[in-house]
Every structure is written in structure tokens, then in C-alpha cells.
6 protein chains.
Amino acid sequence: MPYVNIRITREHGGITAEQKKQLIEGATSLLKDVLGKNPQTTFVIIDEVETDNWGIAGESVTERRKQGE
Amino acid sequence: MPYVNIRITREHGGITAEQKKQLIEGATSLLKDVLGKNPQTTFVIIDEVETDNWGIAGESVTERRKQGE
Amino acid sequence: MPYVNIRITREHGGITAEQKKQLIEGATSLLKDVLGKNPQTTFVIIDEVETDNWGIAGESVTERRKQGE
Amino acid sequence: MPYVNIRITREHGGITAEQKKQLIEGATSLLKDVLGKNPQTTFVIIDEVETDNWGIAGESVTERRKQGE
Amino acid sequence: MPYVNIRITREHGGITAEQKKQLIEGATSLLKDVLGKNPQTTFVIIDEVETDNWGIAGESVTERRKQGE
Amino acid sequence: MPYVNIRITREHGGITAEQKKQLIEGATSLLKDVLGKNPQTTFVIIDEVETDNWGIAGESVTERRKQGE
């Protein structure tokens, strides 16, 4: 009964429902393939975080995107 | 000083302030009753997650709701 | 399909299996009673954290316990 | 490669981009100064939580603010 | 720069280093394939949780294992 | 009433109680200085994660340390 939490930045309006579906399917398959975990009780939760609220290397992702990174 | 994080799907416009209040009261009482934890320093945080962003059994909750589950 | 994460300090050797059971039952019932959530897909995860690793009011819980708090 | 998650209530329209920047810089410096962690692989994620969704002492922060706390 | 947190129960002495490696590789590839995320700044953190500390359907996983589930 | 969760790898036997104290003090001060948050209700929780269980760039930290990174 795994719990998988995927946190990503929300950019360009966010990812699509199709991409979310692929993340859910992929993470569920991964746990089944590697550990034999039952998909029926595998949770996958995706958190989209504003770029102002995510920092790396001491800067927000908003600042990094302005610098072309 | 417990920290309780309740994550649920946001459905039909989300849960009411009254329901949130009941979750906060209930979780705080539970920690007090079972472990003697002081309510003054018990945190309860409720995260409401879009149904597209929550997967179970390899599908998003959005898809499951369409199928009547 | 709620996910409930309860984080507490590990003190005096930790809580008992019976207390963990009561937390799991209580949190599951709370979600069922307040929001009608299905217990079959309610997860409750308890994290016990060393008192050195938990801070409140700028001090570790280890230090606070020494001061009789 | 630390991961720092700061969860705060969203009040008065939320904190500013400048304040978020200071939290990101401060948390990254803290990990570098205390543990020598490389800022290039230090993540800081800020979650702003509605006051209805955050409970302390068995009440939501919304209720507490009404009482002047 | 995604953050992926995989929480699973610790059973039969825990999963192997090889299985952890496969989870890390798989989750990193998933984020790259679906969203084009850079592996260099993709974190994957695996939490193994004691079966007494994980509840589903109102029971601990320890109890469920005894019942052959 | 902020909640700060610092996740780091456990290396060379783990960080010292003194370092934990500095992280707790530093994070609490940061929230007070930047946002005026009350230290009395600021939680700081440090999670130390085994290097096998932490991945970056598709590899575990254990593997990276062997390669001198």
C-alpha cells in the first residue's frame, strides 16, 4: 500500500490531465514492478507548487527562469 | 506536540468550514485521549488535493468518479 | 481515500502497539464520520521522531524535557 | 542535498515574493553554515495553507484570529 | 527539480539496496519522460515505515498480515 | 505557527545534538525575522534519511559517495 508524493513546480499554466495520468500510471507500475505492490492500494499524489514558493541554490525558481535557467 | 496532516481530495467544491472544524477538533481529541498530548501544541493541517492530482489503482480520482466509483 | 500522517515525538521507548491501533482506528473513524470517507482506502501513517530532532520555541524537545516541560 | 519544507498559514493575501526570497536564502544559508550542505542541491519549498485548514489547540486559525489571537 | 517521496511498509527486513536503486532510477526516468524534468535536480526519498505504524481500513498492517492479507 | 521540516541524509553516524540545536534555533529565528512568526508555536522537525534511501540524478547517495561525489 505505497504512498507516492510527487512535488513539481507549476509552470506555463501547469501540467495537463494527460501528463498527470501518465505520472499516476508510471508510479503505480514502478511500485508493482520493483516491489510487487498491489496497485489497488497504491496512492499517488501530485503537488504543483508556484515557482515563487520553490527555491534551489538559494534562489526561487521564478528568479532562475528570468535568468534563462 | 503532535503534527497531524490530513490529505483528502477536493470534491463538489470542497468540504465546509464546519467539517474542517470537526476534523481539527477530532484529531486533537484523539491525540489527547490516546497519548495524553497537550491540545495547545497540537497542529492539524488539512490539504485538499484536486481529483486530477490524486491517483489510486493507477487512475486519477477524476477518472474513477466518471466511472461511478 | 484520505491519507493521514501523525507525527509525534518518541519518548520513554515509544508508544505501544495498542496505542498505535487506537490512533489508526480513531483517525479512520473520524474521516468516516465527518466526511463519509471509505475506511477501506484510508491510510494512517504514524511517524515517531527522536526528541533531539523535534524543536519547538527554538529548543529541542530533549532540552525542554530536562527543564521539566 | 537537503529538502526544507516550510508550511505557514496564508494570511492577509499571503506573504510577498520578497519574503519568500528571504526564507529561501535563509534556509539555504542555515544548511550551509551548520552542516556544510551545498546550496546548489538544497531545495526549499514553501506551502501556504488557508487559515480554515490549519488547526491549533483544537480550533482553526480562522476562529483564533476572530478572537484576536 | 522534482521531489518524489515514496513511502512503503518495511516488511521481511526491508527492501534491498538493489530495489531502492530501481525505485530511484524509475522515478527519475518517469519525471524525465513525462515532463522533461532534469534528472540532475530530481530528488527521490524512500521512507520505510514499520507495519505497526501504517494503518489501512482501520487496522495496522501488522494485524492484516496476521490475518493473511 | 509555522511547521518546518528539514530532511537530510544521515552520513558518518549522523549529525550531532549541537548541530540539531543550531538548525532548530536558526529555522525558528528565520521565521520570526522574516515573517514575525511566534517562536512559541514554531515546530522544526529534522528527518535523517539513510543514503541508500535518497536519490539524486537517478542514483542513490550511497553510490555517489563511492564515486567521490
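Every chain is numbered from 1 and lettered A, B, ... according to where its sequence line falls, protein lines coming before strand lines. Please read these numbers as outputs of a predicted model, since none were measured by experiment.
- Proximity to chain E among residues 42-56 of chain A is limited to A:Trp54, A:Ile56, judged by heavy-atom separations below 4.5 angstrom.
- Of all the heavy atoms in A:Pro2 and E:Ile8, the pair that sits closest is CB-CG2, 3.9 Å.
- Taking A:Gln19 as the reference, A:Ile15, A:Thr16, E:Val34, E:Leu35 meet the side-chain contact (heavy atoms from CB on, under 4.5 Å) condition, with sequence neighbours excluded.
- Taking all atoms of both residues into account, the shortest heavy-atom contact from A:Leu30 to E:Leu23 is CD2-O, 3.7 Å.
- Residues passing the side-chain contact (heavy atoms from CB on, under 4.5 Å) test with A:Gln40 are A:Asn38, B:Ala57, sequence neighbours excluded.
- With chain A as the partner, the residue from E:Arg7, E:Glu18, E:Gln22 showing the most heavy-atom pairs under 4.5 Å is E:Arg7.
- Note on residues 31-40 of chain E: no pairs pass salt bridge (charged side-chain N to carboxylate O under 4.0 Å, His left out), not counting sequence neighbours.
- When heavy atoms are compared at a cutoff of 4.5 Å, A:Glu11 approaches chain E solely by way of its side chain, counted from C-beta outward.
- Of the two parts of E:Ser29, neither the backbone nor the side chain holds a non-hydrogen atom closer than 4.5 Å to a non-hydrogen atom of chain A.
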